[in-house]
2 protein chains.
Amino acid sequence: MSINRIAFYHIETLLWIARLGTFGAAAERLKTTQPAISARVRELEHHLGTSLFRREGRTMTLTPAGRQLVRESEPLMAGFQSLLHSAGDTAETAGIVRIGAGEIAAASCLPGFVAELQRTWPNLSLEIEIALTADLIQQILTGRTDLVFGAGRIAHPALRTTSIGAVDLLLLASPTTIGAIEAQGNATNFPIWSLSSHSPLYHIMKQAIAASGITSRSVNLCNNARMMIDIVAAGGGIGIFPHSMVRQALEDGALALVPGAMDIPPVEFQVAIRAGETDPLILHIFERAGQLDIRAMSTPLAS
Amino acid sequence: MSINRIAFYHIETLLWIARLGTFGAAAERLKTTQPAISARVRELEHHLGTSLFRREGRTMTLTPAGRQLVRESEPLMAGFQSLLHSAGDTAETAGIVRIGAGEIAAASCLPGFVAELQRTWPNLSLEIEIALTADLIQQILTGRTDLVFGAGRIAHPALRTTSIGAVDLLLLASPTTIGAIEAQGNATNFPIWSLSSHSPLYHIMKQAIAASGITSRSVNLCNNARMMIDIVAAGGGIGIFPHSMVRQALEDGALALVPGAMDIPPVEFQVAIRAGETDPLILHIFERAGQLDIRAMSTPLAS
DNA sequence: TGATATTGATAAGTAATGTCTATCAATAGA
DNA sequence: TCTATTGATAGACATTACTTATCAATATCA
């Protein structure tokens, strides 16, 4: 006896019989015939191995097992009906979209962007993964994420990208570190902080340090940009940061430009989806993301 | 497109594909073939009007809609599976049984009896209706209740009954009322309290009053025996009560026997089910109820 | 680059399922 | 006793679901 052969119309039939009192009334409501209703009940009782109705003269009443089945099926049935209707409902787009973002892009763009998406599609669910751009590219290529915000230029034949602007990168340190640099006359031998070696910013940092003639006894890595900002603001050394993430710290005087550092070219941020993407919802979201300008978005410094 | 044609095996198929990653693996798990799985998915997508999977080379991944359906189906499916299995599971009897009882029988028997039933059948649910015996007989005859505790002898060809003992009935009043009766030398013209005229106790009360030569300027009715006890204990008059309900009040001195009142024959209590009852659970419960002795059960006087 | 393996889709045939109409059985009401 | 109501069953038919065989697309390996 296979319970899995039970369909939602069996449960619906049971619930309508219970509500209306007779097989004939349920048949009318479900636009079928009384023998069809009788057969459905027999089939359901057969699947379950228990009797659901008892005939008393002309009336059918539920058995205790039948009553419990009715009582507990109703919320489950309502849940499935709501779910199945929303799955097929194009007026109210629903689903789960996975977005990957580097931390900088995430901090800069995602809060506002997510809010915009959820205003547009209230039933949309998101799964967001913060990781390094290189890892995210791998994830999108293997179908483990749907849309990626990444730093640097993303070029892959299987990906379709669009730029969302460039972010100025700044070499920054705390006022105390800057005082020491000024006293020494140069930035030599101060600790350097950067994101991990897989990040595009790591390479940019290396180029900037080399161009500025700064030598360092240590290059320190961290995989969390916010933590790194805290470390540098506490006098831990020199760090390279996107302007968008440190606007507030600069205004507060917690960080300042390292004197003598040469300008760093801005880093471009891009959004990527698969070139062969066909899902209309993901295509819409990609279009929305392409309209973002990463420079325009404020980045609150969360503690 | 009818969502109701979707069966639980469709949902199960979707969940297994999502877990195992390929149609072939799901086919193996579900003991069917890969084309059958492919057809099930196509059917489900057709019913829902949306795509659930996207083919990327050799791998299939869920669309956002598919992912949401998987996520939200799992708890609903688990709920249905648990429910349907318990419906057919004879080792763990479940269901909802309706018990009707007069207030006296309810107060005397039900707390202990209900506890016993729930120890025996943890998954049993009860719906208890407190009403007058006459109404309960009507309910059981029309299939609106399953088992009835009633006062007096229940005789109906369509009912099968068993006695659960007899309860002494006592004419009682408060000490102040009794003092006044003794001062007057008889109980004439004191208010009489009884359950409503449809109750067997009403008729017994009338006979008892007549046999005792007590005339009364008023016979007062109440449909709540506990309230009536409170009224009489507060000096409201004379009432007739089953011993089982007033044991505590007698011990506390809140009530006492009316002097000069003749003994009232005890009233029998019975349990009844339909003569044609076939449900094994109800038959079991009826057998258990038949073993009760209403005199043996203490009745806490709840305030 | 070609051969092979893997995965899902499709076709055709067959078995199983579900519903219809017609009719019967049991019960209640007039 | 007759009629009406309700559910069960039978037979015919339409629909559904699955099997095997095969094809198409893609990835891997030599």
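What you see below is based on every heavy atom in this structure, not just the backbone, and it leaves out hydrogens, waters and symmetry mates. For clarity, every value in this text was computed on a predicted model and none was experimentally measured. Numbered from 1 within each chain, the chains take letters A, B, ... in sequence-line order.
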>> We want to know whether B:Q270 and B:S163 form a side-chain donor-acceptor pair, criterion being a heavy-atom distance below 3.5 angstrom.
In response: no

>> Taking only side-chain N and O atoms of A:R5, does any of them lie within less than 4.0 angstrom of OP1 or OP2 on D:dC18?
In response: yes

> Quick one: is D:dT19 close enough that its OP1 or OP2 comes under 4.0 Å of any side-chain N or O from B:T32?
Replying inline: yes

> Should the pair B:F8 and B:F80 be assigned to parallel (<30°), tilted (30 to 60°) or perpendicular (>60°) ring geometry?
Replying inline: tilted

>> Please tell me if A:T33 has a side-chain N or O lying less than 4.0 Å from either OP1 or OP2 of C:dC20.
In response: yes

>> Using a 4.0 Å heavy-atom cut-off, does A:Y9 contact any base of the nucleic acid, only the sugar-phosphate backbone, or nothing at all?
In response: sugar-phosphate

> Relative to A:Y9, does B:R5 satisfy both conditions: NZ or CZ under 6.0 angstrom from the six-membered ring centre, and within 45 degrees of the ring's axis?
Replying inline: yes

> Do any side-chain nitrogens or oxygens of A:S38 fall under 4.0 Å of OP1 or OP2 in D:dA8?
Replying inline: yes

> Hey, is the side chain of A:R42 poking within less than 4.0 Å of OP1 or OP2 on D:dG7, counting only N and O atoms?
Replying inline: no

> Of all the choices, D:dA8, D:dC18, C:dA9, which nucleotide is nearest to the side chain of A:R55 once you look at every atom?
Replying inline: D:dA8

>> Counting only side-chain heavy atoms from C-beta out, which of D:dT19, D:dG7, C:dT21 sits nearest to A:T22?
In response: D:dG7

>> Between B:L292 and B:F149, is the side-chain contact (heavy atoms from CB on, under 4.5 Å) condition met? List the steps.
In response: CA-CA 11 Å; B:L292 296 171; B:F149 289 85; 3.8 Å; yes

>> Go nucleotide by nucleotide along DNA chain D from the 5' end; which of B:I37 and A:I17 gets its closest nucleotide reached first?
In response: A:I17

>> Is the phosphate of D:dG7 approached by A:R40 (side-chain N or O, under 4.0 Å from OP1 or OP2)?
In response: no

>> With a 3.5 Å cut-off and heavy atoms only, can you find an N or O donor on one side and an acceptor on the other between the side chain of B:Q34 and the base of C:dA9?
In response: yes

> When the distance from NZ of B:K31 to C1' of D:dA17 is rounded to whole Å, what number comes out?
Replying inline: 19 Å

